[in-house]
Chemist: 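First the structure, then my questions, so here it is.
Naming: A, B, ... by sequence-line order, numbering from 1 per chain. Worth saying up front: this structure is predicted, and the values here are computed from it rather than measured. Atoms considered below: every heavy atom in the structure, side chains included; atoms not considered: hydrogens, waters and symmetry mates.
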There are 2 protein chains.
Amino acid sequence: MPTKGQSGQSESEEKPTRGKRADAVRNRRTLLAAAAEVFVTSGVDAPIREIACQAGVGVGTIYRHFPTRADLVVAVYRHQVEACAEAGPTLLASADSPLAALRQWVDLFVDFLVTKHGLAGALQSDSSGFEALHAYFLDRLVPVCAQLLDAAVAADEIPPGTQPYELMRAIGNLCIGHDPRYDPRRMVELLLRGLQHPRP
Amino acid sequence: MPTKGQSGQSESEEKPTRGKRADAVRNRRTLLAAAAEVFVTSGVDAPIREIACQAGVGVGTIYRHFPTRADLVVAVYRHQVEACAEAGPTLLASADSPLAALRQWVDLFVDFLVTKHGLAGALQSDSSGFEALHAYFLDRLVPVCAQLLDAAVAADEIPPGTQPYELMRAIGNLCIGHDPRYDPRRMVELLLRGLQHPRP
DNA sequence: GGTTTAGCGGAACAGCGCTCCGCTTTGAAG
DNA sequence: CTTCAAAGCGGAGCGCTGTTCCGCTAAACC
């Protein structure tokens, strides 16, 4: 992991560089890298101390930069969530049909969830300050899902009435749990099939 | 809650009365009652101490009677799980079609899960000694589900290939989370619709 | 009654989230 | 380069968990 090349660091910063001290900015990056690494091996509910240790900082530093767990998780996965959100309109334009676009987009979302250990579970968790995570994911992705659903309805590929929020949550729920006998993708596929028009 | 009428208590005991001491048997019952009550208000992952307090016993007593959390949860809900399992064949005999029986049975299962706060989540949990709970539910219900699925396949109402375990897990997952904007029943209904034959 | 031992209670330990405050480092003014 | 306010840091410490362990109580059997 190359951390070299600090010559010009005014690239795409979320909002950390806001008249902050140099060591604070450095720590924030270290923290994000450490969290990303720990999340892979221990899941998103890894002990805070573990992340602090991996980053070589005290727990206080984590809480100052990321007051709640959700803030940290969101910061780590922001780019990927953003990419997923942006993929919605793109797919709608490129796919054969709105329903096909919806399918591909859901695939993207599912892939994202199943590869992040424990993330799907955390998304639905009602405890431990994960609510903000839930909120962010939903704020960002539900509108995209709504757009895809609307397009599919307009193309008469599915009946109207499906709530985007409900669908997203169902998909998230289906992605919970690692088990060789359980393939979330297959169940999501079933769910999507159920979305289509029942033939009279 | 009437706990009277101890005259003849040799009714349907699971296995507590096995040459045990009288106070042990009494404590076991108290514990089950207390746990059932606490589960309603605080969910199945309520603190052990809370259950112990409600029952008026020490925590050691709980661990002696129910070594893992799953043992306690299973003991509390055994009757209902059993009833659900037995309803399978009954519905198959009484319903209009195997698929209708499957639907009604799934409804039963979903009702059970959504009314027990946190149970669905615990079912999928991979931590805190809930594995045994998972195992019990599956051992008891998957065969019933398999029977219903087989019947529906035989009646050519659904295509073959659906794994009972996978379906049960998906349904369980869909029941996670209390939220006015999310109705598990509706999503399970979608899933079941997806199960049916796609019309060519 | 006496004796044995199953069973009980809860102190105690370990792992967690989160807070709080004394100390260090930074960056700019002199 | 020195000075110095304050931004930032670290980790001890608190409260709440699950789980164990052992001295003591009281049930059961003689």
Chemist: Compare the minimum distances between each of C:dG27, C:dT19, D:dC9 and the side chain of A:Tyr63, then state the nucleotide with the smallest one.
Modeler: C:dT19
Chemist: To the nearest 0.5 Å, what is the distance between CZ on A:Phe137 and SG on A:Cys84?
Modeler: 8.5 Å
Chemist: Distance-only, no hydrogens or angles: does the A:Ser42 side chain make a donor-acceptor pair with backbone N or O of A:Phe39 under 3.5 Å?
Modeler: no
Chemist: What is the separation between atom NZ on B:Lys20 and atom P on C:dT5, rounded to the nearest whole Å?
Modeler: 16 Å
Chemist: Starting at the 5' end of DNA chain C and moving along, which residue's nearest nucleotide shows up first, B:Asn27 or A:Arg64?
Modeler: B:Asn27
Chemist: Filter on side-chain hydrogen bond (donor to acceptor under 3.5 Å, both in side chains), then keep only pairs touching residues 140-150 of chain A, sequence neighbours left out; what's left?
Modeler: A:Glu82-A:Arg140
Chemist: Round to a whole Å and report the spacing from CD1 of B:Ile62 to P of C:dG7.
Modeler: 17 Å
Chemist: I want to check a possible cation-pi pair here: A:Arg78 against A:Tyr136, using under 6.0 Å from ring centre and within 45° of the ring axis as the test.
Modeler: yes
Chemist: For A:Glu157 and A:Leu99, indicate whether the former's side chain and the latter's backbone hold a donor-acceptor pair under 3.5 Å.
Modeler: yes
Chemist: Considering every strand and a 4.0 Å limit on heavy-atom distances, what is the contact class for A:Arg69: base, sugar-phosphate, or nothing?
Modeler: sugar-phosphate
Chemist: Between A:Ala95 and A:Gln104, which heavy-atom pair has the shortest distance, and what is it?
Modeler: CB-NE2, 4.0 Å
Chemist: For DNA chain C, what residues of residues 42-54 of chain B have any heavy atom nearer than 4.0 Å?
Modeler: B:Arg49
Chemist: Can you identify which nucleotide, out of C:dG9, C:dC8, D:dT20, has its nearest atom closest to the B:Val57 side chain?
Modeler: C:dG9
Chemist: For A:Ala22 and for A:Thr68, locate the closest nucleotide of DNA chain C by heavy-atom distance; then report the residue assigned to the nucleotide nearer the 5' terminus.
Modeler: A:Thr68
Chemist: A:Asp23 has an atom CG; how far is it from atom C1' of D:dA6, in whole Å?
Modeler: 12 Å
Chemist: Checking salt bridge (charged side-chain N to carboxylate O under 4.0 Å, His left out) against B:Asp23, which of B:Arg26, B:Lys20, B:Arg21 comes through?
Modeler: B:Arg21
Chemist: So, does B:His65 get its side chain near the phosphate of C:dG7, meaning an N or O under 4.0 Å from OP1 or OP2?
Modeler: no
Chemist: Tell me which of B:Val59 and B:Arg26 sits closer to the 5' end of DNA chain D, going by the nucleotide each one is nearest to.
Modeler: B:Val59
Chemist: Within the modelled atom types, does a donor on one side and an acceptor on the other bring the side chain of A:Arg21 and the base of D:dA7 under 3.5 Å apart?
Modeler: yes
Chemist: Rounded to the nearest Å, what distance is computed from the CZ atom of residue A:Phe66 to the P atom of nucleotide D:dG8?
Modeler: 14 Å
